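What follows is one structure encoded as structure tokens, with my remarks underneath.
We use all heavy atoms of the structure for the numbers below, so side chains are in, but hydrogens, waters and symmetry mates are not. First the proteins, then the strands, lettered A, B, ... as listed; each starts at 1. Treat the numbers as computed from the prediction; the structure is a model and nothing was measured.
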Amino acid sequence: MTTIETHDYDILIIGAGGAGRRAASEAQQQGLRVGIITKSLLGKAHTVMAEGGMAAAMGNVHSEDNWKVHFRDTMRGGKYLNNFRMAELHAKEAPERVLELEQWGALFDRTKDGKILQRDFGGHRYARLAHVGDRTGLELIRTLQQKVVSMDIDVYMECKVLKLLKDSEGTIAGAVAYWRHNGEFVTFSAKSVILATGGAGKSWKFTSNSWEGTGDGHAMALWAGSELMDMEAIQFHPTGMVWPLSVRGLLVTEGVRGDGGVLRNSLGERFMFNYVAPMFRAETAETEEEADKWYDDHSAGRRPPELLPRDEVSRAINAEVKAGRGSPHGGVFLDIASRRSAEFIRRRLPSMYHQFMELAGVDITREPMEIGPTCHYIMGGVKVDAETAATKTPGLFAAGEVAAGLHGANRLGGNSLSDLIVFGKRAGEGAVSYIAAGGGSGKFKQSDVDTAIAEALEPFDRAEGENPYDIQRDLQDMMQANVGIIRTGDELEFALGELEKLSDRVRKIKVKGGRAYNPGWNLATDLPSMITVSKCVAMGALNRKESRGGHTRNDFPEPVAEMGTVNFTETSKDGKWDGAFKIEARPIPTITPELKALLEEAK
Amino acid sequence: MSEITMRVWRGDANGGDFESYTTERSDGEVILDVIHRIQATEAPDLACRWNCKAGKCGSCAVEVNGKPRLMCMTRIDTLPEGPVTLTPMKTFPIIRDLVTDVSFNYVQAKKVPALLPPPMPAEGYRMFQEDVERSQEFRKCIECFMCQDVCHVIRDHEENKENYAGPRFFIRHAELEMHPLDTNDRRDFVREEAGLGMCNITKCCTEVCPEHIKITDNAIIPLKERVVDAHYDPVAWLGRKILRKTKTSATDAAVQPAP
Ligand SMILES: Cc1cc2nc3c(=O)[nH]c(=O)nc-3n(C[C@H](O)[C@H](O)[C@H](O)COP(=O)(O)OP(=O)(O)OC[C@H]3O[C@@H](n4cnc5c(N)ncnc54)[C@H](O)[C@@H]3O)c2cc1C
Ligand code: SF4
Ligand code: SF4
Ligand code: FES
């Protein structure tokens with residue numbers, strides 16, 4: 001075999017979204033040699049698409065806000081499946097992490113007295129989201145990009161990692177990847193690896209995720225021996241575009257509702273008042289008058305029901321459509337036009353204005369938008385230690401959307417961007433301490449590299465076979481239909497069977513063309529991750545015989561107390577993408593009395 | 001359902017040719033939808049970039065009938081009847097099909113002198129909306145590099161690339177120059193290394209910017225004034241810069257330049 005390009009680092013970071021970059025700057029600052037790999041260009045990760053904002057209890061708009069309230073909101077939003085220590089650290093550290101971004105050049109919108117302006121979002125008791133219009137993710141990614149560039153950190157762009165590599169002790173030792181531009185393979189040896197690969201929404205038909213959201217990090221961690229947790233918890237964001245068909249699933253920021261937008265059915269009713277769960281009744285407005293007072297003065301009324309956590313709103317929309325009160329294209333109406341001035345809408349929501357104007361021909365300052373739920377975020381992911389982001393595999397760390405724990409069964413809007421910077425930094429520190437304490441050898445087994453390369457090249461060798469795009473489409477249709485927003489045991493069993501059939505087809509893929517920048521081939525290398533993740537989601541969903549957060553079972557429509565005390569974790573038996581996975585119920589650790597008191601207080 | 005024909009450049013650095021694809025299309029589709037359909041059926045190896053499909057990431061810029069456009073934001077029904085011609089951006093070396101090597105831009109980004117803020121007070125900096133707005137306009141940039149693509153200084157003159165930052169980075173310099181927290185003196189750099197003098201204000205860059213950033217009026221022209229002022233009258237420049245700082249922050253010491 002010809003020699004392969006190789007690089008050596010102390011810490012290899014896979015992913016250049018917010019989490020990966022924050023980890024990189026932390027580790028490099030502490031004097032280690034850091035390399036970042038991303039499968040797209042620098043600056044194009046999902047983080048760039050985030051719109052609404054970044055949650056941090058700075059108390060700039062409502063001085064009553066503090067970490068305790070943020071902690072409580074996060075736990076309640078997550079229906080108490082969250083790792084309480086992560087929720088605590090996140091709430092405590094987010095303000096400092098946000099302020100720090102300003103030192104690196106970020107320019108958030110301001111309050112009248114010159115502080116960072118914060119906006120209202122679902123599930124957050126106070127206006128808490130630092131933002132820049134509706135392009136907050138762009139601000140975050142650009143700021144961290146400029147930071148990474150100024151620190152001269154090595155970045156490998158359009159380079160896709162296929163597999164993690166371990167040494168003979170089972171410790172992480174690097175990764176094998178391929179270059180998009182010419183299809184050549186490359187290996188990285190490292191004393192430690194941080195996964196920051198983002199989400200997995202691409203396995204569903206209607207999704208806000210890009211081609212990158214194939215769950216590679218989730219899958220690679222599982223194959224390498226780490227545990228996945230809470231995989232059944234998928235967030236369907238209530239407001240995705242539904243028309244034209246070609247943009248179905250594209251996100252409409254929750255900021256529209258935070259800034260006064262309301263949901264209506266085809267009869268013109270503000271239906272959310274009919275869907276307030278007992279848990280949220282005490283703090284939710286009962287009438288439109290009361291709700292409308294709240295926007296200007298949070299003490300004059302209780303919160304509008306449009307700002308309930310996302311799982312609640314998505315289920316309500318689903319029910320309205322099912323009851324025959326949907327919009328012409330199968331969604332409901334999101335109306336801000338009749339409630340705010342055109343000038344206000346254009347200033348606060350410029351990219352939503354353009355998105356609808358240019359893609360749907362709808363002027364949101366004059367007409368309502370048609371929206372419906374879209375697959376958006378995966379709360380589940382790699383199980384990590386709260387303090388250090390360490391996984392079960394020695395030397396492997398994970399942060400950002402790929403990690404589980406912080407969000408429990410449902411994530412609050414704005415809690416992801418803050419997650420990235422809080423736990424990105426912690427993962428960087430975690431890897432640094434791990435190396436200081438000895439670290440890994442970086443000596444991976446060459447045979448693993450050879451196997452990974454041979455597997456990747458197989459689809460070229462077949463004389464004929466399946467088109468990877470056909471398999472992807474069938475997978476997405478199948479997951480949308482059977483592992484979507486409302487689930488049943490029968491459908492989940494069926495889905496697991498279908499996934500076996502899809503695996504068979506993946507083993508028969510034929511790739512056309514050469515290795516240089518070949519999207520068909522790239523998709524062929526994504527499908528194993530997509531299948532692994534889809535299977536873990538379906539298995540988790542089958543085992544969680546209740547409805548909680550982002551997981552709703554038609555056959556078990558209510559939460560079940562005993563289920564609220566466990567997380568489901570999954571492991572791989574043989575490290576193979578199409579192999580057997582084991583699922584276990586793991587008791588949630590007992591919350592400390594101090595934190596418990598905070599939750600009680602709020603009840 | 002009607003049909004659409006795309007003439008797509010297929011090839012790499014060694015050459016290539018146009019290939020025509022005729023497919024069905026439905027209401028409201030954008031160019032990227034049609035490209036995806038071609039990939040899923042006839043040509044799974046057709047190379048293009050995209051991520052967000054919503055005009056937010058700047059990945060999908062190509063030349064549509066000779067003009068740079070975002071494929072994800074260009075609706076088919078806004079184009080003239082007849083076949084649509086897609087070519088890769090001309091200013092950058094081709095990798096394959098519609099994908100170009102845009103590393104020139106990342107090299108330029110590396111050269112930008114970083115923000116140099118005063119130390120942060122414990123409770124954070126105070127800045128006012130009117131002071132951050134000017135730089136915020138430039139921070140809307142999604143790095144699609146279409147302005148770089150149309151700028152004749154590098155589009156037609158490979159040899160200029162070495163010493164020319166291009167409109168994307170002129171707005172970056174302007175952003176930092178107008179940033180309420182910046183204390184770095186970047187005049188010499190902009191004049192000598194960034195090649196601002198080569199820009200003759202044709203405004204082609206402003207015309208193609210999908211974020212509607214007024215590249216020429218709000219960044220290049222003010223930057224030229226500042227750099228020229230600085231060159232001939234350093235005192236006037238200093239006055240301007242300090243004036244700007246004091247004006248933005250009279251009530252707050254946090255944004256005063258470091259002594
Ligand atoms: C449209 C949209 C709007 C959103 N709005 C908000 C919001 O307002 N507030 C909020 O808090 N959250 C929001 N979110 C969620 C949030 O943006 C994401 O959860 C978050 O950005 C994920 O960041 P990350 O750093 O974990 O990963 P990402 O930003 O997804 O980055 C993943 C990185 O990993 C790389 N990668 C993945 N696999 C591989 C591989 N095999 N090899 C090499 N590289 C790989 C990718 O190239 C990429 O660089 C939104 C999400 C979307 C899609
Ligand atoms: S105005 Fe200047 S920077 Fe813009 S395209 Fe013309 S020459 Fe290039
Ligand atoms: S300034 Fe405008 S045209 Fe240029 S890269 Fe940025 S967004 Fe694109
Ligand atoms: S795909 Fe992101 S701008 Fe077109």
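- Heavy atoms of other residues, nucleotides or ligands lying less than 6.0 angstrom from NZ of Lys214(B) number 12 at most.
- Salt-bridge annotation for Lys90(B) and Glu63(B): absent, with no side-chain N of the basic residue lying under 4.0 Å from a carboxylate O of the acidic one.
- Among Gln145(A), Gln146(A), Lys512(A), Met49(A), the residue making the largest number of heavy-atom pairs under 4.5 Å with chain B is Gln146(A).
- Ranked by heavy-atom pairs under 4.5 Å with chain A, the list Gln39(B), Glu123(B), Lys53(B) is led by Gln39(B).
- Looking at Glu133(B), there are no atoms closer than 4.5 Å to chain A (heavy atoms on both sides), in backbone or side chain.
- In this structure, no portion of Trp521(A) lies under 4.5 Å from any heavy atom of chain B.
- Between Arg119(A) and Asp109(A) there is no salt bridge, since none of the side-chain N atoms of the basic residue sits less than 4.0 Å from a carboxylate O of the acidic one.
- In terms of heavy-atom pairs under 4.5 Å with chain A, the best-connected choice from Glu29(B), Arg172(B), His36(B), Glu175(B) is Arg172(B).
- Counting heavy-atom pairs under 4.5 Å between each of Asn51(B), Asp45(B), Asp101(B), Leu116(B) and chain A puts Asn51(B) at the top.
- Counting only N and O atoms by type, the side chains of Gln472(A) and Lys202(A) include no donor and acceptor under 3.5 Å apart.
- The parts of Leu42(A) that come within reach of chain B are both its backbone and its side chain, each placing non-hydrogen atoms under 4.5 angstrom from that chain.
- The part of Asp33(B) that comes within reach of chain A is its side chain, from C-beta onward, which places non-hydrogen atoms under 4.5 angstrom from that chain.
- Proximity to chain B is limited to the side chain of Met157(A), based on heavy atoms less than 4.5 angstrom apart.
- Interface residue Val99(B): only side-chain heavy atoms are found under 4.5 Å from chain A.
- Contacts between Thr41(B) and chain A at a heavy-atom distance below 4.5 Å involve the backbone alone (N, CA, C, O).
- Within the 4.5 angstrom heavy-atom criterion, atoms from both the backbone and the side chain of Ile142(B) approach chain A.
- Only the side chain of Ala114(B) comes within less than 4.5 Å of a heavy atom of chain A; its backbone N, CA, C and O stay farther away.
- Contact annotation for Leu107(A): both backbone and side-chain heavy atoms come within less than 4.5 Å of a heavy atom of chain B.
- Interface residue Asp470(A): only side-chain heavy atoms are found under 4.5 Å from chain B.
- For the set Lys112(A), Met241(A), Glu158(A), the count of heavy-atom pairs under 4.5 angstrom toward chain B peaks at Glu158(A).
- Looking only at side-chain heavy atoms (C-beta outward), His131(A) and Met54(A) stay at 4.5 Å or farther from each other.
- Interface residue Met352(A): only side-chain heavy atoms are found under 4.5 Å from chain B.
- In this structure, chain B has a heavy atom under 4.5 Å from the side chain of Leu138(A), while its backbone stays farther away.
- Among the candidates Ala109(B), Ala40(B), Pro117(B), the residue making the largest number of heavy-atom pairs closer than 4.5 Å to chain A is Ala40(B).
- Between Met71(B) and Ile35(B) there is a side-chain heavy-atom pair separated by less than 4.5 Å.
- Of the listed residues Leu46(B), Asp27(B), Thr74(B), the one with more heavy-atom pairs under 4.5 angstrom with chain A than any other is Leu46(B).
- Contact annotation for Arg96(B): only side-chain heavy atoms (C-beta onward) come within less than 4.5 Å of a heavy atom of chain A.
- Asp77(B) has no carboxylate O lying under 4.0 Å from a charged side-chain N of Arg25(B), or vice versa, which leaves the two without a salt bridge.
- Here the side chain of Glu370(A) pairs a donor or acceptor atom with the backbone of His329(A) at under 3.5 angstrom.
- No donor-acceptor contact under 3.5 angstrom links the side chains of Ser20(B) and Thr5(B), judged on distance only.
- Residue Thr143(A) touches chain B through both its backbone and its side chain, counting heavy-atom pairs closer than 4.5 Å.
- A donor atom on one side chain and an acceptor atom on the other are not found under 3.5 Å apart for Thr253(A) and Asp134(A).
- Checking side-chain atoms of Thr38(A) against main-chain N and O of Ser40(A) turns up a donor-acceptor pair under 3.5 Å.
- Of the possible donor and acceptor atoms, none in the side chain of Arg180(A) sits under 3.5 Å from a partner among the backbone N and O of Lys160(A).
- Trp211(A) places a side-chain N or O within 3.5 Å of a backbone atom of Trp50(B) that can act as its donor or acceptor partner.
- Checked by atom type and distance alone, the side chain of Lys115(A) never pairs as donor or acceptor with a backbone atom of Arg110(A) at under 3.5 Å.
- Residue Val112(B) does not touch chain A at all, counting heavy-atom pairs closer than 4.5 Å.
- Both the backbone and the side chain of Glu139(A) come within contact range of chain B, with heavy atoms under 4.5 Å apart.
- Between chain B and the options Glu96(A), His46(A), Met58(A), Glu51(A), heavy-atom pairs under 4.5 Å are most frequent for Glu51(A).
- More than 12 heavy atoms of other shown residues, nucleotides or ligands fall within 6.0 angstrom of atom CD in Gln103(A).
- Contact annotation: the side chain of Arg21(A) never approaches that of Lys147(A) to less than 4.5 Å [non-hydrogen atoms, C-beta and beyond].
- Of the listed residues Arg142(A), His354(A), Glu102(A), Glu212(A), the one with more heavy-atom pairs under 4.5 angstrom with chain B than any other is Arg142(A).
- Taking chain A as the reference chain and counting heavy-atom pairs below 4.5 Å, the highest number among Pro113(B), Gly55(B), Ser103(B), Gly58(B) is found for Gly58(B).
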